[in-house]
Number of protein chains: 2
Amino acid sequence: MTKWRDASGKSLEDYPRPSVAVDVAVLTVADGELKVLVVKSPRDGLALPGTFVHPGETTQRAAVRALAAKAGLLGIEFHQLGVFDDPQRDYRGWVISVAHGAALPLDRFPVDSTLISIVNDVPVEDLAYDHAQMVTFAVADLRERYARAVDPDRLLGEAFTVLGLRQLYEAIYARPLPKDTFRRQLVDGLVSAGQLEVGGGRPAELFRRLPNCLLPRSAASLFYGDYGRRRG
Amino acid sequence: MTKWRDASGKSLEDYPRPSVAVDVAVLTVADGELKVLVVKSPRDGLALPGTFVHPGETTQRAAVRALAAKAGLLGIEFHQLGVFDDPQRDYRGWVISVAHGAALPLDRFPVDSTLISIVNDVPVEDLAYDHAQMVTFAVADLRERYARAVDPDRLLGEAFTVLGLRQLYEAIYARPLPKDTFRRQLVDGLVSAGQLEVGGGRPAELFRRLPNCLLPRSAASLFYGDYGRRRG
DNA sequence: CAAATAGTGTCTTTTAGACAGTATCGC
DNA sequence: GCGATACTGTCTAAAAGACACTATTTG
């Protein structure tokens, strides 16, 4: 196969091209709030793990490679968040970055991981470059996906109680959710696991996710709160 | 300012980089259905307008430039849809594309524009590369934005009737919407323009968009239909 | 007047949300 | 029994959706 040339005889490489990076915001829930994984470097301080995209590779595979190399994490599902392309965003030159998001249960992180709390959709410590904004995008994406299905990223294990599920959603949406309405909205996305979890009082029933079950769109109103209007 | 070098003395340009393009799906509503603007070329057949991103330029500005050059369209607001990065997607070599979406009223297109109907979220004619999938993304993005506000892209003019607005939404969501519920959902996102539009019967009141007014999240259920469940 | 289209009153069914009740455990 | 937590029945207010009625134009 011979290399492509345009009308003036130039190939693609004869034109200026940016470097293309991926940066990954890996979220988790701990202590009732969202947190994000960061890595430390002498030059950048705190930053999201990232890498340059290699030839023949998709950005998603580059994200997998970055997480394996920089945080020792394998088998994660990434979601594309958007392209960050301000020409000034990287002091090294013309670098655009494709931000990706993912979420993992706390126990899958290496013990020496650095997790930064997210408050008001922004990490509480400064991150390098435009990485704080990527975190905001990752949170928005997580909320959208959690409004459509029951814990799609399996931040809880296979089996969980309704209380555990509600506390997870309260952390993700950063607001209290009414106990009984929450149960009624989600219960027909669940099946009993036939087991009980003993605790301080009456044991709670353990549930599993109903496979391929989407939540009704009205559930989004519950999680987000039906922004303003009405209630005169 | 001296050029950045990494530990092995190499600059960014010493590593392989992809060409980065933008492709733009400009949507409109005509004859009660969504359509998308395409351009014809001898080599690619039908394709979305696009261009390579220039140094010092954002992808959004490249999108503006592409539309001005290839379709004679100015003053459009673009929304980023996603990155298409399959290494095989372009026969010329390693080209990733940042897809953008926009929407314009029919009367803003040049008279010789080619508009392709969109049925089942896909253009009815084959497009080059992965451009058909970009159109699907653009439709999804348009629907999301139209569920959050009243005709944010101003496909209708400044003033319009509730009937006109409903027909627009029926075209966008490709489903009939109940006349009275639609009105009650949207009417408090509108203000009367103090004018009437005469027609075959009783004249219809003209409305304007209430500035900065978000629709309640429950409106999304109306537009999309509350996917399945219930109603036993 | 009839025809046509705009807009609303109202009824039914459903549901969110609140509250309080009942159920089931450990002690 | 008592405390604690899980779950559920029920009431109320609100809203969706359907239907039909009223309103205002043209011819």
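Computed from a prediction, not measured in an experiment: that's the story for all the values here. Chain naming here is simple, since letters A, B, ... match the order of the sequence lines and numbering starts at 1 in each.
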With sequence neighbours left out, write down each residue that passes side-chain contact (heavy atoms from CB on, under 4.5 Å) with [X], or none if nothing qualifies.
X: Asp126(B); result: none
X: Arg175(A); result: Tyr173(A), Leu177(A)
X: Ala220(B); result: Arg217(A), Ala147(B), Tyr224(B)
X: Ala140(A); result: none

Length of the line joining [X]:[atom1] and [N]:[atom2], which is rounded to integer Å:
X: Tyr224(A); N: dA16(C); atom1: OH; atom2: P; result: 18 Å
X: Glu197(A); N: dA4(D); atom1: CD; atom2: C1'; result: 15 Å
X: Asp188(A); N: dA16(C); atom1: CG; atom2: C1'; result: 15 Å
X: Leu196(A); N: dA23(C); atom1: CG; atom2: P; result: 17 Å
X: Arg217(B); N: dA16(D); atom1: CZ; atom2: P; result: 16 Å
X: Leu186(B); N: dG7(C); atom1: CG; atom2: P; result: 13 Å

Mind checking if Leu222(B) touches a base, just sugar-phosphate, or nothing, with heavy atoms under 4.0 Å?
sugar-phosphate
Could you give the angle between the helix axes at the two ends of the helix from dC1(C)-dG27(D) to dC27(C)-dG1(D), with five pairs per end, rounded to 10 degrees?
10°
How would you list all residue pairs meeting ring-ring contact (aromatic ring centres under 6.0 Å, His included) that involve residues 142-164 of chain B, not counting sequence neighbours?
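Matches after skipping sequence neighbours: Tyr146(B)-Tyr169(B).
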Of all pairs that satisfy ring-ring contact (aromatic ring centres under 6.0 Å, His included), the ones with a partner from residues 62-84 of chain B, not counting sequence neighbours
Phe84(B)-Phe137(B)
Check side-chain hydrogen bond (donor to acceptor under 3.5 Å, both in side chains) between Gln60(B) and all other residues, then give those that pass, not counting sequence neighbours.
none
Qualifying residues under side-chain hydrogen bond (donor to acceptor under 3.5 Å, both in side chains), relative to Lys70(A), sequence neighbours excluded
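Residues passing side-chain hydrogen bond (donor to acceptor under 3.5 Å, both in side chains) with Lys70(A): none at all.
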Those residues of residues 200-210 of chain B lying under 4.0 Å from DNA chain C by at least one heavy atom
Gly201(B), Arg202(B), Pro203(B), Ala204(B), Glu205(B)
DNA chain C-proximal residues of residues 172-184 of chain A, any heavy atom under 4.0 Å:
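Within this stretch, Asp180(A), Thr181(A), Arg184(A) sit under 4.0 Å of the strand.
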Would you find a donor on one side and an acceptor on the other, under 3.5 Å apart, between the side chain of Arg108(B) and the backbone of Leu73(B)?
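No.
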Short question: side chain of Arg209(A), backbone of Pro152(A) - any donor-acceptor pair under 3.5 Å?
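Answer holds: no.
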If you assign each of Ser221(A) and Val198(A) to its closest nucleotide in DNA chain C, which residue comes earlier from the 5' end?
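Per heavy-atom nearest nucleotide, the more 5' residue is Ser221(A).
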Please name all residues satisfying salt bridge (Lys or Arg N to Asp or Glu O under 4.0 Å) with Arg65(A), sequence neighbours left out, ordered by chain then number.
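For Arg65(A), the residues satisfying salt bridge (Lys or Arg N to Asp or Glu O under 4.0 Å) (neighbours in sequence not counted) are Glu57(A).
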